[in-house]
There are 2 protein chains.
Amino acid sequence: MRPETPETPANLAERLAHSGLRNTPQREVVYHALLDRRDHPTADEVYTRVRPEMPSISLATVYNCLETLVQCDLVRQVNFERGPSRYCANLHPHAHFHDEKTGATYDIPLPPEVLAQVRGVLPSGYDAKTVEITFHGQSPTA
Amino acid sequence: MRPETPETPANLAERLAHSGLRNTPQREVVYHALLDRRDHPTADEVYTRVRPEMPSISLATVYNCLETLVQCDLVRQVNFERGPSRYCANLHPHAHFHDEKTGATYDIPLPPEVLAQVRGVLPSGYDAKTVEITFHGQSPTA
DNA sequence: CTAGGTGCAAAAGGTTTGCGGTTAA
DNA sequence: TTAACCGCAAACCTTTTGCACCTAG
């Protein structure tokens, strides 16, 4: 749903610099947490995962870092139900499948032609920067 | 995205009864508010619109009524950004276009074949009850 | 008579903000 | 040196809950 770039830690500094922002240990640690376990954690979950490594970090800083990563297009913020926002470091075009029983979220790869079909439903004049597709239901192993 | 039924006030009593629920003046008034102006209002906006007609209603009751309507499949609850949930009485298959500048939301009709294509990306085993498609960008007149 | 519904006020999330102190260009 | 950044705590906003009263079946 976005211009693609490999999601590597190395990109962080570059992307931040591109926006005139600094690379800080907090931002690195938060970004790594998202790269490590791609289960769409909430800010609070990121906070929990990151604390062992950086006990001094605050929840507010986690929120700030996530916000910054979203601004830099390194992370997608996902809100498909009322409740805490979730964060996703997968930049490849994909849809989300939200399991209503377990609450888990899975990435579903989205072929370019389907994405094109979907964009095709837009009447002319509408200029969509991003498209979000979310399924709600039951996943196989649940 | 759902089995279709015409969205008429008459359906309210029927659908409620079907779930063993009562039809109350509050529920009628809230449902009518959604049918009247389909601009995806928040609970608080519904509250404001409904008060002139029923000054005694409380915000908590508006929340309760909306929740009930969602349970009865008469209304869709929409959450595509952090912030208050929005409510939509359009039951025909449609996507949403969210204008990032104005915050307005528009319904985009969704042809069945596109919907089918989208559902097609799901690996076998995934059972999707609903699909939500949301565009973010800039709308023509904005 | 009784389950379901309302209204109120208080509480519970989740997120943002203000501010004093710190740090990298 | 100075703009960006951090951590803390308090504020904020949306939603939910507990409870007393009410009402339709």
Side-chain angles (χ1 to χ4, degrees), chain A residues 12-31 33 40-72 74-87 103 105, chain B residues 12-33 40-72 74-87 103:
Chain A
L12 177 58
E14 186 195 324
R15 286 285 187 109
L16 286 169
H18 182 270
S19 302
L21 299 170
R22 288 184 204 154
N23 190 6
T24 69
Q26 289 83 352
R27 286 171 182 176
E28 275 190 2
V29 143
V30 166
Y31 186 48
H40 311 82
T42 64
D44 203 70
E45 283 163 356
V46 171
Y47 180 50
T48 304
R49 292 176 194 182
V50 143
R51 256 143 69 92
E53 196 173 342
M54 184 182 280
S56 67
I57 201 172
S58 73
L59 179 55
T61 295
V62 171
Y63 272 104
N64 287 335
C65 291
L66 289 169
E67 166 70 13
T68 303
L69 295 173
V70 170
Q71 302 304 345
C72 293
L74 281 168
V75 166
R76 268 169 68 184
Q77 181 173 7
V78 192
N79 287 284
F80 39 65
E81 46 176 1
R82 172 68 198 162
S85 294
R86 299 185 165 274
Y87 298 86
T105 299
Chain B
L12 178 56
E14 186 195 325
R15 285 287 187 107
L16 286 169
H18 182 270
S19 302
L21 298 171
R22 290 182 201 154
N23 189 6
T24 69
Q26 288 85 351
R27 286 171 181 175
E28 274 189 3
V29 143
V30 165
Y31 186 48
H32 283 131
H40 311 82
T42 65
D44 203 70
E45 283 163 357
V46 171
Y47 180 50
T48 304
R49 292 176 193 181
V50 143
R51 256 144 70 92
E53 196 174 341
M54 184 182 279
S56 67
I57 200 173
S58 73
L59 179 55
T61 294
V62 171
Y63 272 105
N64 287 336
C65 291
L66 289 170
E67 167 70 13
T68 303
L69 295 172
V70 170
Q71 302 304 343
C72 293
L74 282 167
V75 166
R76 266 169 71 184
Q77 181 173 9
V78 193
N79 287 285
F80 40 65
E81 45 176 2
R82 172 69 197 163
S85 295
R86 301 185 164 273
Y87 297 86

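Convention: sequence-line order gives letters A, B, ...; per-chain numbering from 1.
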Whole angstrom is fine here: how far is it from CD in A:Glu28 over to C1' in D:dC5? 15 Å

Search all heavy atoms of B:Arg15 against all heavy atoms of B:Cys72 and return the closest pair with its distance. NH1-O, 2.8 Å

Between C1' on D:dC6 and CZ on A:Arg51, what's the gap in Å once rounded to a whole number? 15 Å

Determine: side-chain N/O of B:Thr24 to OP1/OP2 of D:dT23, distance under 4.0 Å, yes or no. no

Inter-axis angle, terminal five-pair segments of the helix from C:dC1-D:dG25 to C:dA25-D:dT1 [nearest 10°]: 30°

Within-4.5 Å side-chain heavy-atom neighbours: B:Val46 and B:Tyr87: no

note: B:Gln26, atom CD; D:dC22, atom P; distance rounded to Å ~ 15 Å

Please check: side-chain N/O of B:Arg49 versus main-chain N/O of B:Ala33, any donor-acceptor pairing under 3.5 Å? no

Say whether, by atom type as modelled, one donor and one acceptor occur between the side chain of B:Arg27 and the main chain of B:Arg22 under 3.5 angstrom. yes

Quickly work out the A:Met54 CE to D:dG7 P distance and round it to whole Å. 7 Å

Short side-chain N/O contact to D:dG7 OP1/OP2 from A:Thr61, under 4.0 Å: yes

Does any part of the side chain of A:Leu69, heavy atoms only, come nearer than 4.5 Å to the side chain of A:Leu12, both counted from C-beta? yes

Using atom CG of B:Leu66 as one end and atom C1' of C:dG5 as the other, report the distance to the nearest whole Å. 15 Å

Under 3.5 Å, which N/O atoms of the protein pair with N/O atoms of nucleotides 14-16 of chain D?
from	atom 1	to	atom 2	distance (Å)
D:dT15	OP1	B:Ser85	N	2.7
D:dT15	OP1	B:Ser85	OG	3.4
D:dT15	OP2	B:Tyr63	OH	2.2
D:dT15	O5'	B:Tyr63	OH	3.2

Can you tell if the side chain of A:Thr61 reaches within under 4.5 Å of the side chain of A:Val30, non-hydrogen atoms only? no

What protein N or O atoms touch nucleotides 23-25 of chain C N or O atoms at under 3.5 angstrom, if any, and at what distances?
none

Heavy-atom closest contact (A:Arg82 atom, B:Asn79 atom, distance): N-ND2, 3.6 Å

Indicate yes or no for a side-chain donor-acceptor contact from B:Glu45 to the backbone of B:Thr42 under 3.5 Å, with no hydrogens or angles considered. yes

Could you check how far CG of B:Leu16 sits from P of C:dT6, rounded to whole Å? 10 Å

What's the shortest heavy-atom distance between A:Val62 and A:Ala43, and which atoms? CG1-O, 3.6 Å

Using atom CD of B:Glu81 as one end and atom P of C:dT15 as the other, report the distance to the nearest whole Å. 14 Å

Would you mind reporting whether B:Leu16 and B:Thr24 have side-chain heavy atoms less than 4.5 Å apart? no

Counting N and O atoms only, with roles assigned by atom type, does the side chain of B:Glu28 sit under 3.5 Å from a partner on the main chain of B:Pro25, one being a donor and the other an acceptor? no

